[in-house]
Amino acid sequence: MTITPEREAELLASVPTGLLINGEWRDASDGGTFDVQDPATGKVLATLASATSEDAMAALDAADAAQDSWARTPARDRAEILRRAFDLVQERAEDFALLMTLEMGKPLAESRGEVTYGSEFLRWFSEEAVRDYGRYVTTPEGKNKILVQRKPVGPCLLITPWNFPLAMATRKVGPAVAAGCTMVLKPAKLTPLTSQLFAATMLEAGLPAGVLNVTSSKSASGISGPLMQDPRLRKVSFTGSTPVGKQLLKDAADNVLRTSMELGGNAPFIVFADADLDRAVEGAMAAKMRNMGEACTAANRFLVQAPVAEEFTRKFADAMGALTLGRGTEDSTKVGPLIDGGARDDVHSLVTAALDAGAEALTGGRAREGAGYFYEPTVLANVPQDAAILGSEIFGPVAPVTVFETEEEAIKLANSTEYGLASYVYSQDVNRMFRVSEQIEFGLVGFNAGVISNAAAPFGGVKQSGMGREGGSEGLNEYTSAQYIGIADPYAV
Ligand code: NAD
């Protein structure tokens with residue numbers, strides 16, 4: 001289906017451009033704005049109000065005022081709102097998909113996939129909202145009773161990155177709504193439009209004023225700084241880069257805030273000689289090229305066992321070299337642009353340094369001339385173990401391949417990073433799956449699977465990839481605190 005300029009303009013005109021504070025869309029207190037551009041063309045798509053510190057405080061005022069009554073709202077009512085929001089996002093799936101493609105660049109087919117994945121957090125947490133169980137047990141001594149109930153943590157600050165504009169918001173807003181928390185959402189300034197439309201959808205689904213406030217802004221720290229110093233804020237949930245996450249953890253220490261941190265990754269993709277190679281290539285394409293490689297779960301290092309290294313790398317390079325670059329709205333496009341010029345230059349510097357260190361480009365290795373921030377899908381062979389590209393989050397369509405001999409060596413190489421988010425293992429030996437999974441230090445393991453994100457599963461990292469889990473039953477716990485009531489022996493009266 002061809003996307004006409006009229007269709008794009010009509011959709012963009014339907015996106016609220018203001019700040020959402022206490023159920024109303026308003027201008028920034030200083031009248032400030034910022035532009036959002038299309039990374040495929042560099043053209044401005046929309047101009048949004050840019051929240052100031054004063055606006056952030058007004059958003060927290062609203063969240064704080066709504067907290068008590070929201071926490072007392074029956075779980076079934078909160079669940080119904082999430083379920084209606086899920087239905088509304090489904091109804092507008094094409095709008096959400098096109099909006100993400102316009103502001104973020106990924107091909108429409110991938111944006112549709114994100115609508116499915118992202119909206120599922122609304123449905124999942126609508127189901128979890130009514131299953132927030134406590135417990136009642138007798139102490140081991142056999143006399144007193146233990147009663148445990150879970151309570152919402154209180155007003156939250158939710159900070160999201162630009163790469164999954166819908167899913168990163170629903171992964172936080174879904175459980176916060178389910179748990180009975182109010183919130184201030186601060187989307188990334190590069191892709192805030194999807195969050196703006198999503199917030200409008202939440203209001204339409206019946207979310208009361210003040211529960212969700214949205215402060216898009218060109219100054220991220222101008223929002224997080226004052227909010228995190230205010231004792232009314234109880235939690236910060238952040239998805240983004242490890243350096244910013246570390247800074248926020250330091251800031252959170254002042255008021256001992258609850259924190260959830262979904263940070264960067266450096267995923268190994270391990271191919272053993274007993275793997276089904278065609279399946280491994282298919283998985284490698286998915287794990288590498290989803291979101292043009294701009295994913296925290298993106299396979300960043302391909303570790304291939306020596307006997308199959310040449311065949312795997314050749315098939316993989318052929319598949320990567322056949323991908324068509326273009327604007328995400330075109331049907332033929334398999335690879336969209338990177339998010340901006342800086343991102344493209346960073347990817348190219350890593351490739352250039354690897355080539356200088358002796359790696360060989362089997363395909364790609366260049367930025368595309370002309371408008372937009374396009375980078376060719378690239379496969380690098382013979383990458384030296386100490387090359388910077390193996391130690392950095394590439395965040396682009398580049399696959400460095402290295403060769404290993406033994407299972408022990410593969411595990412050692414996989415673990416040789418400060419990150420610990422996603423990992424992938426291809427083998428037909430199920431005993432190996434257990435051995436390797438137990439020994440690799442990653443929060444997620446894909447076994448013969450290149451894409452494993454699912455709303456029903458706990459998503460999150462270890463080491464410097466963060467703390468806390470999103471999705472699964474674990475996702476709700478991030479927004480609740482256990483309260484223990486100790487009850488004296490009822491027979492001792
Ligand atoms: P980023 O850290 O630059 O920004 C993330 C968010 O933090 C944005 O909203 C940004 O405006 C805000 N921010 C930036 N500086 C800030 C500051 N000093 N104080 C407060 N907020 C600040 O990350 P990004 O470039 O938007 O996203 C890419 C990164 O996100 C990658 O490292 C990727 O791995 C990571 N990521 C992780 C996950 C996960 O689930 N672990 C998911 C997606 C992305």
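This is a predicted model, so every value here is computed, not measured. Atoms within each ligand, like the ligands themselves, are counted from 1 in listed order. Quick note: numbers below take in every heavy atom, side chains included, and nothing from hydrogens, waters or symmetry partners.
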Do you know which of L248, T239, L185 makes side chain to side chain contact (heavy atoms under 4.5 Å, CB included) with I159? L248

Nearest to atom 27 (O) of ligand 1, what protein heavy atom do you find, and at what distance? P161 CB, 3.4 Å

Residues, nucleotides or ligands: over 12 heavy atoms within 6.0 Å of E24 CD: no

Are R92 and E204 within salt-bridge range, i.e. N to O under 4.0 Å? yes

Determine whether the aromatic ring centres of F395 and W162 lie less than 6.0 Å apart. yes

Taking non-hydrogen atoms only, is F164 closer than 4.0 angstrom to ligand 1 via side chain, backbone, both or neither? neither

Give yes if a backbone or side-chain nitrogen or oxygen of W162 is under 3.5 Å from a nitrogen or oxygen of ligand 1, and no if not. yes

Protein residue, atom and distance nearest to atom 7 (O) of ligand 1, heavy-atom basis: F238 CE1, 3.2 Å

When you check the gap from the basic side-chain N to the acidic O, do R112 and E94 get nearer than 4.0 Å? yes

Between L157 and the options M228, R234, K235, the side chain to side chain contact (heavy atoms under 4.5 Å, CB included) test singles out M228

Does atom NZ of K463 have more than 12 heavy-atom neighbours from other groups under 6.0 Å away? yes

Is at least one protein non-hydrogen atom found at under 4.0 angstrom from atom 2 (O) of ligand 1? yes

If you take the nearest heavy atom of each of A267, S224, S195, which one is closest to atom 20 (C) of ligand 1? S224

Can you check which of L444, N163, N300 brings a heavy atom nearest to atom 44 (C) of ligand 1? N163

Residues K172 and S237: side-chain donor-acceptor under 3.5 angstrom: yes

Taking N or O atoms only and a 3.5 Å limit, does T160 qualify as a polar contact for ligand 1? yes

Any heavy atom of E294 closer to ligand 1 than 4.0 angstrom? no

heavy-atom search around atom 18 (N) of ligand 1 in the protein gives S221 CB, 4.1 Å

By number and element, which atoms of ligand 1 are closer than 4.0 Å to a non-hydrogen atom of L421? 41 (N)

Is the distance between the ring centroids of F269 and Y426 under 6.0 Å? yes

Contact check: R171 vs ligand 1, nitrogen or oxygen atoms, below 3.5 angstrom: yes

Nearest atoms (heavy-atom pairs only) where S392 meets N266: N-ND2, 4.3 Å

What protein heavy atom is closest to atom 35 (C) of ligand 1, reported as residue, atom name and distance in Å? G240 O, 3.1 Å

Does T239 approach ligand 1 within less than 4.0 angstrom via side chain, backbone, both or neither, non-hydrogen atoms only? both

How close does the nearest protein non-hydrogen atom get to atom 34 (O) of ligand 1, and which residue and atom is it? E393 OE2, 2.4 Å

With backbone taken as N, CA, C and O and side chain as the heavy atoms from C-beta onward, which portion of M168 lies under 4.0 Å from ligand 1: side chain, backbone, both, or neither? side chain

Around E54, counting heavy atoms of other residues, nucleotides and ligands shown, do more than 12 lie under 6.0 Å from its CD? no

Geometry only, no angles: is K186 polar-contacting ligand 1 at N/O separations under 3.5 Å? yes

Is E282 atom CD crowded by more than 12 heavy atoms from other residues, nucleotides or ligands, each under 6.0 Å away? no

So which atom in R290 and which in F164 form the shortest heavy-atom distance, rounded to 0.1 Å? NH2-CE2, 4.0 Å

Among D340, N266, V244, which residue places a heavy atom closest to atom 15 (N) of ligand 1? V244

If you measure every N/O of S241 against every N/O of ligand 1, is any gap under 3.5 Å? yes

Atoms of ligand 1, numbered as shown, that sit under 4.0 Å from any heavy atom of G264: 32 (O), 34 (O)

Should you measure from each heavy atom of I159, which atoms of ligand 1 turn up under 4.0 Å away? 6 (C), 7 (O), 9 (O), 12 (C)

Relative to the ring of F302, is the ring of F316 parallel (under 30°), tilted (30 to 60°) or perpendicular (over 60°)? tilted

Nearest to atom 38 (C) of ligand 1, what protein heavy atom do you find, and at what distance? C296 SG, 3.0 Å

Should L263 be counted as touching ligand 1, given the test is an N or O pair under 3.5 Å? yes

Which residue and non-hydrogen atom of the protein lie closest to atom 13 (N) of ligand 1, and at what distance in Å? A220 CB, 3.4 Å

